[in-house]
Amino acid sequence: MKIPVFRVGLIATASFLPLSLIALIVFLAIYSWPAIQFNQFHFLWTNDWNLGNLYGNPVTVHGAQIMPGAKYGIWFLVVGTIVSSALAMVMAMPVAIGAAYFLSEGVRKSWAGPLSLFVDLLAAIPSVVYGLWGYALLVPLFGQTIFPFLANTFSFIPFLNGDPGSGYGLLTSAFVLAVMIIPLISATLREAIRMTEPELKEAGLSLGLNRLEVFWHITLPKLKTVLIGVGILALGRALGETMAVLMVSGNALNYLPNNIYAPISTMAAFIASQLDSALQDPTNMAVEALSEIALVLLLITVAVNIAARLLLWMARVR
Amino acid sequence: MAIKAIERNVSVRTSTKGFKVSLSRRVMTAFAWMFVVFSFLFVAAMFISIIGDVLVHAWPALTPKLLTDITNGIGGGLKNAIEGTMVMSVGALLLAAPIGIAAGIYLSEHGHGGAGKMLRFLSDVLVGIPSIVLGYVGYITMVIYLGWQFSVAAGIITLTVMLLPYIARSTELAMANIPLAVREAGYGLGAGEGRVVLHILLPGAAPAIMTGLFYAVALSMGETAPLLYTAGWSNYMWNGRFTKEPIGYLTYVVWTFINEPFAESHMLAFAAAFLITAGVLILILVGRWLLVRGQRRMGVYQG
């Protein structure tokens, strides 16, 4: 039998892709195993991240060596991550739908190409540049003008009133995240709108609906699954965003936000900002606890992505 | 009953003069139009504001000194960072392109069975993994466990894992756009699978694959999080060693120097941000232009 050299080579090279994913998960799980054993599950819902007394002698608690007083609880990160991403979704979704409609049906074809470049290039801007923009432009603008105005005007609405803060915080992070995910949602949606059967739109038009009503009553309900799928996909991106959030979130520690202007921190940003101080821990438990955060973040985003892919796969859009 | 109801409606409609759109519908439509136009203008305004903000702040710092000096603690030039960014992007591309293209070819040519579906699914999952998690795994495996310390190789490999799914996806789409008849013609002339793929399909899909590669390079240039704890940072030029030698890169300058209290550092951070943004946008535009030109020249395979 002749060995199909080409195919074997192809499969061998291609297999690096799934192998790297599996290696990623396995190594992370192995490395964070001591921290998982030590922290158990209340890790997730206690609100107490404390490296302990780094100048003391290590003590043994529950069979693990840690620094005296060290505690690892990340409830504030869970809250910060989920609330900022959810807020970003709420802000991004309507605008993304509007922009997708505008570019696919609102303007004539010859204009749509150049104008959609704005959206496509916005998606390409590096996240650290978003962070810089947020840090240099949004934080002063929001902190000095917009947040105090909002807090005064809507003082009767819970979570919108109270101390407007310095500009670093939940709403600024959510705004930057929203600007980052609008182009993602918008691009897929534009494609999906273009692929909708013209017969449906024509049927709507012939019943006397105008184009926007056709979009609202016919096209959009038809694209419900796509919309949810791509929304979850964008949510996954927002959950894992690091640099932009790191630069505008205020990096709160052990602090739960009491209104939308309060400083927060997210899991991804926390991993990036805390490794230096975690390395000071001679028992290595802090680094392992950070890797447990990375594992939690990984599992959340993988779950979110699987859900989104299943939905999009059912809707036959990829 | 139904017929009667319809008749009654029709008679009502025809009896009034023409078809009148109710006020509430007209108001709603006007509002919706305003919102649609607003949302596009919002996106465009955000884009212009980001580019404008970076450009305005970076303008005074854009001097030849950027390209000739290396960074020091608070200022200097960006020569070492530019070199580092290029080394790592090109290195990651050289590693990721063969694997990603092979995976893309497999997906488009044999991707309809169970293994193909699995590969596609895993590739989609890999896209969704946050880049900081990739960086952290790179840190615990290569920097600590393999003892490479902060090094070029650790940075390149971490970036490679990040780029793989993007390259695989763009290659798959490019290959899938080639009609089946082209493959049949190749096999009909007695060519083996290797010859069909390498000499017939790949040249035909080359413009689209190139666009994907340009996009991947742009993506790797703009990444910070996976490099923070794998490539480290160095104020000096790269000395050619792959392990145990950290390297500088532009995105690190953006995020670190903006936190320094000196105006000179801030200017350098904005200059670095400008260089990255310009590089990324130019790569993507050139990639698109190549695609359009390639399609025009070939005339087929547009999908």
Side-chain angles (χ1 to χ4, degrees), chain A residues 4-7 10-11 13-14 16-18 20-21 24 27-28 31 94-95 98-99 101-103 106 118-119 121-122 124-133 135-137 179 182-183 208 210 212-213 216 236 239-240 242-243 247 268 271-272 275 291 294 297-298 301-302 304-306 309, chain B residues 19 29 32-33 35-40 42-44 46-47 49-50 53-54 57 98-99 102-103 105-106 119 121-126 128-134 136-137 140-141 161 164-165 168 192-194 197 218 222-225 228-229 251 254-255 258 269 273 276-277 280-281 284:
Chain A
V5 181
F6 178 77
R7 184 161 323 169
L10 188 69
I11 293 174
T13 322
F16 274 102
L17 197 158
S20 60
L21 177 68
L24 204 72
F27 282 133
L28 202 56
Y31 193 81
V95 178
Y101 174 79
F102 183 83
L103 289 174
F118 277 116
V119 181
L121 291 183
L122 191 63
I125 291 179
S127 65
V128 73
V129 176
Y130 275 101
L132 189 68
W133 168 70
Y135 176 90
L137 186 73
V179 176
I182 285 171
N210 61 35
L212 266 167
E213 286 167 333
W216 184 250
L239 288 171
T242 315
M243 299 316 293
M247 291 168 88
I271 298 168
L275 185 61
S291 115
L297 182 60
L298 177 77
T301 47
V302 165
V304 160
N305 268 286
I306 289 177
R309 293 296 173 187
Chain B
F19 184 74
T29 308
W33 258 114
F35 180 78
V36 163
V37 173
F38 159 79
S39 44
F40 173 74
F42 177 81
V43 174
M46 288 302 120
F47 180 74
S49 137
I50 294 176
D53 184 49
V54 169
H57 284 93
I99 303 176
I105 293 173
Y106 181 81
L119 180 60
F121 178 72
L122 290 180
S123 159
D124 284 345
V125 170
L126 193 57
I129 291 183
S131 55
I132 183 71
V133 173
L134 293 180
Y136 203 84
V137 175
I140 61 178
T141 52
V161 174
L164 283 181
E193 192 195 343
V197 169
E223 271 302 337
T224 324
L228 280 179
Y229 295 120
T251 43
V254 179
W255 126 254
I258 196 70
I276 301 170
T277 315
V280 166
L281 296 188
I284 288 188

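Note: hydrogens, waters and symmetry copies are ignored here, and every other heavy atom, side chains too, is used. Chain naming here is simple, since letters A, B, ... match the order of the sequence lines and numbering starts at 1 in each.
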Please state whether the side chain, the backbone, both or neither of Leu228(B) comes within less than 4.5 Å of a heavy atom of chain A. side chain

For each of Ala272(A), Ala136(A), Ala294(A), tally heavy-atom pairs with chain B at distances under 4.5 Å, and name the one with the top tally. Ala272(A)

Search all heavy atoms of Ala103(B) against all heavy atoms of Ala14(A) and return the closest pair with its distance. CA-CB, 3.5 Å

Examine whether an atom of Tyr135(A) lies under 4.5 Å from a heavy atom of chain B, and if so say whether it belongs to the side chain, the backbone or both; otherwise answer neither. side chain

If I compare all heavy atoms of Phe16(A) with all of Leu164(B), which pair ends up nearest, and what's the gap? O-CD1, 4.5 Å

Can you list everything that forms a ring-ring contact (aromatic ring centres under 6.0 Å, His included) with Phe40(B)? Sequence neighbours excluded, please. Phe102(A)

Between Tyr106(B) and chain A, which part of the residue has a heavy atom less than 4.5 Å away: side chain, backbone, both or neither? both

Closest heavy-atom contact between Ile132(B) and Gly240(A)? CG2-O, 4.4 Å

Residue pair Met247(A) / Val254(B): nearest heavy atoms and the distance that separates them: CE-O, 4.3 Å

For chain B, which of Leu103(A), Val129(A), Leu132(A) has the most heavy-atom pairs under 4.5 Å? Leu132(A)

Nearest 0.5 Å please: distance from the CG atom of Leu126(B) over to the CG atom of Leu21(A). 5.0 Å

Please determine, among Ile140(B), Thr224(B), Leu281(B), the option with the most heavy-atom pairs under 4.5 Å with chain A. Ile140(B)

Would you mind checking which part of Val197(B) comes under 4.5 Å of any heavy atom in chain A, side chain (CB onward), backbone (N, CA, C, O), both or neither? side chain

Report which part of Val43(B) has an atom under 4.5 Å of a heavy atom belonging to chain A: side chain, backbone, both, or neither. both

Option in Leu10(A), Ile125(A), Leu297(A) with maximal non-hydrogen atom pairs under 4.5 Å from chain B: Leu10(A)

Quick check on the interface: out of Thr251(B), Ile284(B), Ile258(B), who has the most heavy-atom pairs with chain A under 4.5 Å? Ile258(B)

Side chain, backbone, both or neither: which part of Pro183(A) has an atom under 4.5 Å from a heavy atom of chain B? neither

Could you tell me which residues satisfy ring-ring contact (aromatic ring centres under 6.0 Å, His included) with Phe118(A), sequence neighbours excluded, listed by chain and number? Phe47(B)

Select, from Val119(A), Leu298(A), Ile11(A), the one with the greatest count of heavy-atom pairs under 4.5 Å involving chain B. Leu298(A)

Interatomic spacing from CH2 in Trp133(A) to CD1 in Ile50(B) - rounded to 0.5 Å: 4.5 Å

Other residues, nucleotides and ligands only: do more than 12 of their heavy atoms fall within 6.0 Å of CH2 on Trp216(A)? no

Atom CZ of residue position Phe27(A) - does it have more than 12 heavy atoms of other residues, nucleotides or ligands inside 6.0 Å? no

Hey, could you give me the OH/OG1 distance between Tyr136(B) and Thr242(A), rounded to the nearest 0.5 Å? 13.5 Å

Pair count under 4.5 Å, heavy atoms only, with chain B: among Asn305(A), Leu212(A), Ile306(A), Thr301(A), highest is Leu212(A)

Pair count under 4.5 Å, heavy atoms only, with chain B: among Leu137(A), Ile182(A), Leu28(A), Leu121(A), highest is Leu121(A)

So which atom in Ala99(A) and which in Ser39(B) form the shortest heavy-atom distance, rounded to 0.1 Å? N-OG, 3.3 Å

Structural part of Val179(A) lying under 4.5 Å from a heavy atom of chain B: side chain

Given heavy-atom pairs under 4.5 angstrom as the criterion, report whether the side chain, backbone, both or neither of Ser291(A) touches chain B. both

Region of Leu239(A) that comes under 4.5 Å of a non-hydrogen atom in chain B: neither

Under 4.5 Å to a heavy atom of chain B? For Leu275(A) that would be both

What heavy-atom pair brings Pro126(A) and Gly222(B) nearest, and what distance separates the two atoms? CB-O, 3.4 Å

Toward chain A, the part of Ala218(B) with a non-hydrogen atom under 4.5 Å: neither

So do Arg309(A) and Val125(B) actually touch side chain to side chain, heavy atoms under 4.5 Å? no

